[in-house]
Student: 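Before I ask anything, let me first share the structure, which is written out below as C-alpha cells.
Note that the numbering runs from 1 along the sequence shown for the chain.
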Amino acid sequence: MAELLAPAGNIESLDAAIGEGADAVYMGLKSFNARLRTTNFAWNQFEAAVESCHRQHKKIYVTVNTVAEEKETERLYRFLSYLNKVGPDGLIVQDFGVIRMCQEFFPNLELHASTQMNVESSAATKLLLKEGLKRVVLARELGLDEIKKIKTETGADLEVFVHGALCVSESGLCLFSSFLGGKSANRGMCTQACRRYYTAEVPGGIRQGYYFSPCDLELIDQIPLLMEAGVDSFKIEGRMKSAEYVGSVVSAYRYVMDHYQEDKKGAIAAGHRMLASDFARSKTTYWYGFNTPEEGIDNAGSKILNPDQAGGTGIYLGKIKKTKPAPKELKQALMKNITDPKPEDYKIALAVVSGGSYDPDPGDSIRLHKKDDTGRVSHKIRTIEVSDSGERWIDIPSGFTEGDPVYLLQTKSSSKRYPHVLPHDIGKYRKQPGDEQLPILDLTPVGQKELVYFPEGIYASVSSIPDLFQIQGLHPVRVLLELNSDTKADLLAHKTVLPFSKKQIYISLDPFCASTQENEIKETLNKLVTDGFNNFVVNNLAQIQILKEIQATGFILNLIAGPYLYTFNRWAVSFLENQDIGAFIMPYENSRKNLEATFDMNVRSRILVPVFAYPALFRMRFKLPSDYDFTFFEDKEGSLFKVNSTQDGSFVMPESPFSIVDKVETINKSGFKRILIDFTKTKVTRSQIKAIVTSMTKAQPLPDISRFNWKDGFYRDRDPNKER
C-alpha cells in the first residue's frame, strides 16, 4: 500500500495530518530546510514527535533540503549527529555534501533525494541508489508515463507530489530570488519572484499580469493510476499552510487511496467534495494528460499559467478599507486563549475589509498581501467587532494598511479539533546538537598531468554554432558548446566545419534530464563520443551515470561538474570526486568568500569561475502560452528581464548581466586561473566581446551590471543595516 505523506509545519498541522490518517509526515527544524519562513519545530518538540509518531506506527521525515556553505559544515555535522541520536525515519536532502557526510559518519540515517536535487530519470535514480539513498522524490515536471518508466527500470522507492503549490521553474534550478537579493531558494529563503506582478511590452502597448505565477497541483483523479504505477509515497505540499488545510487535503487523498478499488468514480467524487474547502489557487494537473513530451512542451504552459490569477492563494475577500490599533484589553484577552504565545501574536491591529462576497468570521484563516507585493502573511481571525454603523472589524497582523488585498484560505466550519500527537509534558526531551568537531576533509590533490584537458586561461560558453565563430575574438583556451536541439542537429550531421578542434570543445549538457529523453540522450552522447568529443560539462546526475556507462565501454572521457551540480562546500565536492569528476564550475550564486573557503590554494586549479553571464533565473519545461507575445518585462522596481521560449523550454534572464570581469586579475592572484565568459542563451556580438576585453584589461566594471552574490554573499551573510 502506498504511503500518504503530509506536511507538518507546526504542531497543529502535525495533529491534523495524523488525525486524518496520514501514514507519515515531513517537517523541518530551525535550520537547513527549504521552508525557513514557517514555524518549524523546536528540538524537544521534534524529539517528542518522533517518539509519539513511532508509538502510533507513523513515520517522520526531516527536511534537510538546502545547500550549505563551507562555514556551515561543522554546524551541519552536529545537526546530523543530533538527528542520528533521535532517529527519524528518513532525511530529505538536496546537498551532495549531506550525502557524503552521512556516508562517512552516519550510515544508519536513511536518505531521500529531495525534489530540489532535480531527479527526473532512471539514470539519476540508479546513481543515487548506488550511493545508498533509499528513496527519490521526483521532480514535479513529470507525467505519468515518465514516472512509470523510472519505476519499471529501477524498482526504486519513489515519492511524488500530488497536491499543493508548484514552482514555475524546473525543480532545484531557480535562481531568481537569489539574483534579486541573495535570498536563495536553494537555502530556504525564496521570496517567490514567480508570484509577482510584472509589466510587459506587448505589441500595441503595455500589459500587466502575474505572468509566472503557477496554479496549484491537484492530482486526486490520478491517484488510482499512480498507485497502479507503483508510486510508493504521495506527498502533499504545504508546510506553510494552516492545520485546517492539511486536515482537509489529507482526508480527501486518504479516502481515495482507501476506496478507489471498490468504487473508483465514487471515491474520486467524494475526494473532490472534501477538497471543496481548499480555497487556494486554481488547480492544474500540469504534466498529466499529454500523449508525448512534445505535446507537453507545447501545452503545459497553458495548463499551469494564468496571468490574470493573483499570485496569492484563496478566495478574494476584498481590500482593507481602514485600520485602527487593537485595544490593550483585547490583546490581553486573546493571549489567554493561546498556548505558548509568540511575540508576533501580540502584534495585531483591527481592520475593515470590503469588496468581496464573504464576511469572514472568527476561526476563519485568511491571507493578507501587501499591495506593493513586498509581503504576505497567513492569519487566523480570533475576534470580530461590529460598530454601530454595521462595520465589521477583524483582527489582523500589524503592518498591513489600507488597500492591501485579503484572501480566504479556510473557513471555521471546515476546521476540526484533533487529538494531540505530542504529550502534554515534553520536559523530558532534552536532546540537542552538541559541540562535536567535524573531522578535516582534504580534497584530492591535483596530479601532475591530471588536468591536461583543463588548461589555465579564458573559457567561453555559447548556445549556437554561429556564436562559436564570434567568440574567437576572446582567444579562449577552451569553449563550452551547449547541447540543444539546434546544436545537436548541426553536430550530428557534421553540417558546419567548427572553428575549434574537438579537443578544445566541451559539450555542455542541460540541467534537466527527463526519463523520456534518456534514450535519445544516450544515443546522442554515444555518437558524439564516437565522433571524437570527449569533454563534457554535466549538470544533472543522470548525465554522470550515462557517461560512466559509455566510459565503461573503453572510451576515455573528461567530466566537468557544471554550475547546477551545486558545490557550495567541500563535502559536496568530495561526493562528485567520487563520481570521477575532477573539475568544477562555480555555481552562479556563490560568493568569493565561500569559494575560497571551499577550495584551498592547492586545489584551485580544479575550478572554472564564471565572471560574466546572463544566468537563467527561471528554467521552465514548456513553451510559454501563445498570448505571451513579449520578450521584455519589468518588476515594480523597474528591473528589466527578458524571456526566451524555445522547443527546449523557456528561460527568464536578466537584461543586465552578472559581471565580475573587472576582477579577473584579482581572481587570478587568488589562485583561480580559469575564468568563464558565459554567453549561454544570448546572441554574441563583436561590440560585447570588445567591451568585455576592455573591462578585463583595464580592470574597470562594465556599465549596468549585477554582482549577484559574489561580494555580499547570501542574504544571511549581509549587514541588514546596509543597503545593497
Side-chain angles (χ1 to χ4, degrees), residues 1-8 13 15-25 56-59 138 140 142-148 151-152 157-166 215-238 241-291 300 303-304 313-315 358 365 408-419:
M1 183 68 174
E3 170 188 272
L4 180 58
L5 176 58
S13 294
D15 293 342
I18 299 300
E20 291 292 353
D23 301 299
V25 294
Q56 297 183 48
H57 305 290
K58 306 289 185 178
K59 292 185 176 181
L138 293 177
R140 282 170 272 200
L142 295 179
L144 178 63
D145 289 341
E146 294 176 311
I147 294 169
K148 289 169 67 174
K151 184 67 178 181
T152 300
D157 190 318
L158 300 181
E159 182 175 303
V160 172
F161 278 91
V162 294
H163 197 94
L166 287 167
C215 300
D216 281 1
L217 187 66
E218 183 179 283
L219 296 181
I220 198 158
D221 298 85
Q222 304 290 329
I223 291 300
L225 292 173
L226 286 166
M227 292 190 75
E228 290 165 5
V231 171
D232 299 277
S233 181
F234 297 126
K235 188 171 198 170
I236 297 166
E237 183 277 338
K241 298 285 182 68
S242 68
E244 291 82 6
Y245 169 90
V246 172
S248 64
V249 176
V250 168
S251 66
Y253 282 85
R254 178 81 278 161
Y255 189 86
V256 173
M257 291 172 68
D258 291 346
H259 298 285
Y260 84 92
Q261 288 181 313
E262 58 203 56
D263 179 10
K264 182 162 69 173
K265 185 176 180 180
I268 291 174
H272 277 290
R273 288 194 296 272
M274 295 177 190
L275 291 174
S277 60
D278 173 10
F279 302 133
R281 305 173 188 92
S282 56
K283 301 300 187 288
T284 180
T285 55
Y286 197 15
W287 266 90
Y288 290 75
F290 300 123
N291 295 316
K303 287 180 67 174
I304 190 178
T313 62
I315 294 174
Y358 173 82
S365 294
L408 177 68
L409 295 180
Q410 204 84 29
T411 60
K412 179 184 178 183
S413 60
S414 58
S415 64
K416 297 180 182 179
R417 286 190 173 275
Y418 297 100

Student: What is the ring orientation for H163 with Y245, classed by angle as parallel under 30°, tilted 30 to 60°, or perpendicular over 60°?
Tutor: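 Rings of H163 and Y245: tilted, 30 to 60°.
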
Student: Rounded to the nearest 0.5 Å, what's the gap from NZ on K151 to CG on L138? Could you check?
Tutor: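 So the gap between those two atoms works out to 10.0 Å.
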
Student: At their closest point, which heavy atom of A17 faces which heavy atom of V250, and how far apart are they?
Tutor: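 For A17 and V250, the tightest heavy-atom pair comes out as O-CG1, 3.9 Å.
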
Student: Under 3.5 Å, is there a donor-acceptor pair between the side chain of D23 and the main chain of L4?
Tutor: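 Checking the backbone N and O of L4 against the side chain of D23, a donor-acceptor pair under 3.5 Å is found.
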
Student: Would you give the length of the straight line joining atom CG of L409 to atom CD of E244, rounded to the nearest 0.5 angstrom?
Tutor: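 So the gap between those two atoms works out to 9.5 Å.
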
Student: Any chance you could measure K416, atom NZ, to E20, atom CD, to the nearest 0.5 Å?
Tutor: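 Here the rounded value is 4.0 Å.
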
Student: How long is the span from the CG atom in L217 to the CG atom in L166, to the nearest 0.5 Å?
Tutor: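 Rounded to the nearest 0.5 Å, the CG-CG separation comes to 5.0 Å.
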
Student: What are the two closest non-hydrogen atoms of V246 and P7, and how far apart are they?
Tutor: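 Result for this residue pair: CG1-O, 3.8 Å.
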
Student: Atom CD in Q222, atom CD in E228: separation rounded to 0.5 Å?
Tutor: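 Those atoms lie 11.0 Å apart.
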
Student: Just by modelled atom types, is the K303 backbone N or O under 3.5 Å from a matching donor or acceptor in the Y286 side chain?
Tutor: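 No, because the side chain of Y286 does not come within donor-acceptor range (under 3.5 Å) of the backbone of K303.
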
Student: Run the salt-bridge test on R417 and D15 with the 4.0 Å N-O cut-off and return the result as yes or no.
Tutor: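 Salt bridge absent between R417 and D15.
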
Student: Just wondering, do M1 and D258 contact through their side chains at under 4.5 Å, heavy atoms?
Tutor: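 They are in contact (side-chain heavy atoms under 4.5 Å apart), so the answer is yes.
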
Student: Determine the minimum heavy-atom distance between Y255 and A270, stating which atoms define it.
Tutor: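 Shortest heavy-atom separation between Y255 and A270 comes out as CE2-CB, 3.6 Å.
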
Student: When you compare the side chain of I220 with that of H272, does any pair of heavy atoms fall below 4.5 Å?
Tutor: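 Touching, per the 4.5 Å side-chain cut-off.
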
Student: Taking all atoms of both residues into account, what is the closest heavy-atom pair of E3 and S233, and its distance?
Tutor: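 That closest heavy-atom pairing would be OE2-OG, 2.8 Å.
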
Student: Taking K283 for the side chain and R281 for the main chain, is one N or O donor matched with an acceptor at less than 3.5 Å?
Tutor: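 Flag set: sc K283 to bb R281 pair under 3.5 Å.
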
Student: On a heavy-atom basis, which atom in V256 and which in A267 lie closest, and how many Å separate them?
Tutor: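 Closest pair (atom of V256, atom of A267, distance): CG2-O, 3.4 Å.
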
Student: Any side-chain heavy-atom pair from L226 and I147 closer than 4.5 angstrom?
Tutor: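 Of all side-chain heavy-atom pairs linking I147 with L226, at least one is under 4.5 Å.
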
Student: Applying side-chain contact (heavy atoms from CB on, under 4.5 Å), run through L219 and T285 and close with a yes or a no.
Tutor: CA-CA 6 Å; L219 296 181; T285 55; 4.1 Å; yes

Student: If we ignore hydrogens and angles and just use 3.5 Å, is the side chain of Y288 paired with the main-chain N or O of D221 as donor and acceptor?
Tutor: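 Absent.
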
Student: Does a side-chain heavy-atom distance below 4.5 Å link Y253 with L275?
Tutor: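 Side chain of Y253 against side chain of L275, heavy atoms only: contact under 4.5 Å found.
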
Student: For E237 and R140, what are the C-alpha separation, side-chain angles and deciding distance, and is it a salt bridge (charged side-chain N to carboxylate O under 4.0 Å, His left out)?
Tutor: CA-CA 11 Å; E237 183 277 338; R140 282 170 272 200; 5.9 Å; no

Student: Would you say the side chain of M257 lies within less than 4.5 Å of the side chain of M227, judging by non-hydrogen atoms?
Tutor: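 Of all side-chain heavy-atom pairs linking M257 with M227, at least one is under 4.5 Å.
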
Student: Ignoring hydrogens, what is the shortest heavy-atom contact between S282 and C215? Give both atom names and the distance.
Tutor: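 Closest approach of S282 to C215, heavy atoms only: O-CB, 3.1 Å.
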
Student: Output, in order, the C-alpha distance, side-chain angles, deciding distance and verdict of side-chain contact (heavy atoms from CB on, under 4.5 Å) for V25 and I18.
Tutor: CA-CA 8 Å; V25 294; I18 299 300; 4.0 Å; yes

Student: Could you tell me the separation between the CZ atom of F290 and the CG atom of L144, rounded to the nearest 0.5 Å?
Tutor: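 Spacing of CZ (F290) from CG (L144) equals 13.0 Å.
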
